[in-house]
Each structure stands twice: as C-alpha cells, then as structure tokens.
Number of protein chains: 2
Amino acid sequence: MDDFLTLLVRAHKLLQAASDEAMSRHGVRIGQNLILEALWETDGLTPGEVASRARLPITTPTIVNTATRMEAAGLLTRRRDPNDGRLVRLYLTDRARAARQPIKEARRRLEEHATATLTDEERDHLRTALTKILQQLGAGQADSGGEHG
Amino acid sequence: MDDFLTLLVRAHKLLQAASDEAMSRHGVRIGQNLILEALWETDGLTPGEVASRARLPITTPTIVNTATRMEAAGLLTRRRDPNDGRLVRLYLTDRARAARQPIKEARRRLEEHATATLTDEERDHLRTALTKILQQLGAGQADSGGEHG
DNA sequence: AGAAGATCGTTAGCTTGCTAATGAGACCGT
DNA sequence: ACGGTCTCATTAGCAAGCTAACGATCTTCT
C-alpha cells in the first residue's frame with residue numbers, strides 16, 4: 001500500500017494531465033486556467049490583482065509569463081492603465097470569452113468522471129479530509145471565513 | 001466551497017513545497033526523491049530502469065535531467081555499462097546514501113503532520129477515495145495486485 | 001558479414017512554477 | 001520641486017515535468 005503523499009501526487013498528476021488535455025481541445029492550456037477564471041469574473045485586472053484573486057496561490061511573475069503566452073495565443077491583450085503608468089491591465093479577447101462555458105463544462109465533467117465510483121458520502125469524506133489537511137498546513141485563510149474562536 | 005479539483009491541487013502544492021523544504025535541509029530537492037528511492041533500493045540502475053521502477057510514473061528524459069543535477073550536486077555518478085554500451089548506470093555517492101534515513105523520517109513526519117487533525121477513520125476514507133479515483137482514471141495497474149474478478 | 005531494425009541515453013524545446021533582481025512610475029515629506 | 005521610498009510589472013535564472021527528435025549501440029535477419 002502506498003503512502004498518502006504518493007497517492008495524492010499520483011491523483012494530482014493524472015488529473016492535471018486530463019485537465020490539460022481537455023482544455024487543449026479549446027485552445028487553452030492548464031496553466032492559463034487561473035488567469036482565465038479571474039478575468040472571466042472581472043476583465044481588465046492587473047497581473048498582481050489576478051495573482052491575489054486567483055482561486056489558488058500563484059505568484060505575479062507566473063501570471064506575467066503565462067499572460068505573455070496567452071497574448072501570443074490570441075487569448076488576451078495588454079493595455080497600460082491611463083491613470084497609473086505602473087499598472088498593466090489584461091483584457092480577454094472574444095476567443096477567450098467564448099471558451100468560458102466549454103471549459104467550465106469540460107472541467108465539471110472531468111471532476112464528475114474522476115469521482116464517478118465514489119458514493120456521495122465518500123465524496124464528502126474526501127472533501128473534509130482535504131480541507132482539514134489544508135487548514136493544518138496553514139492554508140486556513142480560505143473562503144469559509146468562520147474563525148470565530 | 002471550492003470544487004474537489006481545487007482542493008486537491010492546493011493540498012498538493014502545499015505538500016510539495018513542504019517536502020521540498022524538508023528535503024532541502026538534507027541537500028536534496030523534491031524532484032530527486034524518486035531517483036533516490038529507486039537507487040536506495042537497487043543501486044546501479046539505468047535511467048530507463050529508474051523510470052519504470054519509480055513509485056510514480058516519470059519519463060526517462062526527466063530522470064536524465066535530474067540525474068545531471070544530482071551528479072553536479074555530488075549525489076550520484078554515471079558509469080557506462082561494460083556489457084552494453086547503450087546503458088548508463090547510476091550509482092549513489094556516500095552522501096546520497098547517508099541521506100536515506102533522515103529524508104525518509106522527514107517525509108514520514110510531514111505526512112503525519114499534514115494528517116494530524118484527521119481521525120484514523122478519516123485517513124482510511126481519504127486513502128480509499130484517492131485509490132478509487134486513481135483506478136477510475138486508469139492507474140489501476142498499481143501495487144495491490146488483486147484484480148481477480 | 002552487413003544492412004535493417006530495435007533499444008538505449010541524451011538533447012532540444014516547450015510549459016509551469018518559484019525566488020531574486022531590475023527598472024519604471026507614483027507618492028510623500030521636506 | 002525634488003529625493004527617497006514604495007509599488008508595480010518585468011526579466012533572469014532555476015527546478016521539474018513533458019514530447020519529439022537524434023545518435024549511438026546492440027540485435028537480428030539474410
């Protein structure tokens with residue numbers, strides 16, 4: 001029996017590969033998903049804003065580099081902020097906006113497929129366990145906002 | 001509430017970072033762990049053998065590149081196989097062998113720490129769920145060897 | 001024996017992530 | 001107004017992973 005670390009790394013690897021393949025069919029790579037999600041929500045964010053709003057922690061240089069590839073791929077354009085010359089704002093192209101629903105669907109289906117053999121209870125347990133691990137590792141500053149004690 | 005994919009990616013990221021930090025204190029980086037584990041077990045494997053024996057799937061080019069870094073770091077030496085000129089055999093240095101127990105310990109402690117707030121039952125559930133996901137995603141060719149039905 | 005094919009390690013070139021260093025621009029105090 | 005500081009994006013350089021292409025060697029078939 002493998003240790004927990006190994007199981008998690010293997011599951012992660014397979015899921016990332018499957019995600020990348022699924023999104024590639026829509027002209028988007030796995031590393032671009034965080035930026036897309038942030039800009040789908042709020043277009044015209046700066047790299048720093050994308051980094052801080054992203055669903056999971058990512059550094060600004062990574063955003064910048066990925067944005068450059070996305071620009072080359074025709075997924076977004078850069079525009080200097082007229083009011084503050086330091087800022088660069090990222091705007092999605094129509095192509096990137098059109099990919100929104102298909103990609104969300106594809107990811108939803110992937111998640112569904114991956115957990116297809118789990119019971120609802122097992123899915124709950126999995127969520128609970130991962131959440132506890134995240135909290136234990138210091139990622140407690142998450143979305144739930146219930147630290148009252 | 002985040003989706004399962006996000007939880008898993010976040011947990012993976014934190015655990016990888018923590019692993020890397022822990023192993024760095026012993027002069028080893030996270031990417032070198034698979035090679036070390038294979039060579040601790042059987043010294044003198046070829047890159048291809050390491051790739052196929054590793055605890056999780058990894059390609060030969062990755063082994064080769066990582067081995068180059070490990071050679072530079074004084075963790076292993078390359079030696080041509082005298083019987084087959086195509087093969088290159090990787091041999092650990094004393095330094096790499098000495099790191100075996102400390103690193104195993106460090107990883108065990110990390111896993112223990114990460115799952116410290118889980119009950120035994122929750123740990124079981126987590127294992128079960130991850131294993132099911134791996135099987136569903138086609139990684140069923142694993143170690144347990146119990147596919148009799 | 002010699003050509004064709006298979007099997008290796010390696011290299012090239014890419015993506016994704018990181019930290020540290022740079023440089024441009026804004027802001028604040030004097 | 002101007003010098004220092006702070007705040008941005010970017011660049012540089014690294015690690016770790018991948019696929020595809022390459023070159024050397026071994027095997028096999030005639």
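Throughout, a chain's letter reflects where its sequence line sits, starting with A, and its residues are numbered from 1. Values below: every heavy atom of this structure, side chains too, minus hydrogens, waters and symmetry copies.
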Undergrad: Reading nucleotides 10-22 of chain C from the 5' end, what letters show protein touch, with B for base, S for backbone sugar-phosphate only, - for no heavy atom under 4.0 Å?
TA: BB---SBSBBB--

Undergrad: In the hydrophobic clustering (ILVMFWY, side-chain contacts below 4.5 Å, transitive), which residues join A/L90, or is it alone?
TA: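 A/L90 shares its hydrophobic cluster with A/M23, A/V28, A/I30, A/L34, A/I35, A/L36, A/L39, A/W40, A/L45, A/V50, A/L56, A/I58, A/I63, A/M70, A/L75, A/L76, A/V88, A/L92, A/I103, B/V9.
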
Undergrad: Output the rest of the hydrophobic cluster of A/Y91: all Ile, Leu, Val, Met, Phe, Trp and Tyr residues reachable through side-chain heavy-atom contacts under 4.5 Å, sorted by chain and number.
TA: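 Traced through the cluster, A/Y91 reaches no other member.
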
Undergrad: Where do B/N83 and B/D81 come nearest, in terms of heavy atoms and distance?
TA: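 In terms of heavy atoms, the two residues are closest at N-OD1, 2.6 Å.
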
Undergrad: Distance under 4.0 Å to a non-hydrogen atom of chain A counts as contact; along DNA chain D, which nucleotides mark the start and end?
TA: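 The contact span of chain A on DNA chain D goes from D/dT7 to D/dC18.
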
Undergrad: Which residues pass the side-chain hydrogen bond (donor to acceptor under 3.5 Å, both in side chains) test with A/R107, not counting sequence neighbours?
TA: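 Expected list: none.
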
Undergrad: Taking atom CD of B/E105 and atom CG of B/L110, what is their separation to the nearest 0.5 Å?
TA: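 If I round to the nearest 0.5 Å, the distance is 11.5 Å.
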
Undergrad: At their closest point, which heavy atom of A/A99 faces which heavy atom of A/H26, and how far apart are they?
TA: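 Closest heavy-atom pair between A/A99 and A/H26: CB-O, 4.4 Å.
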
Undergrad: Among residues at least two apart in sequence or on other chains, which ones pass salt bridge (charged side-chain N to carboxylate O under 4.0 Å, His left out) with A/K13?
TA: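 Not a single residue meets the salt bridge (charged side-chain N to carboxylate O under 4.0 Å, His left out) criterion with A/K13.
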
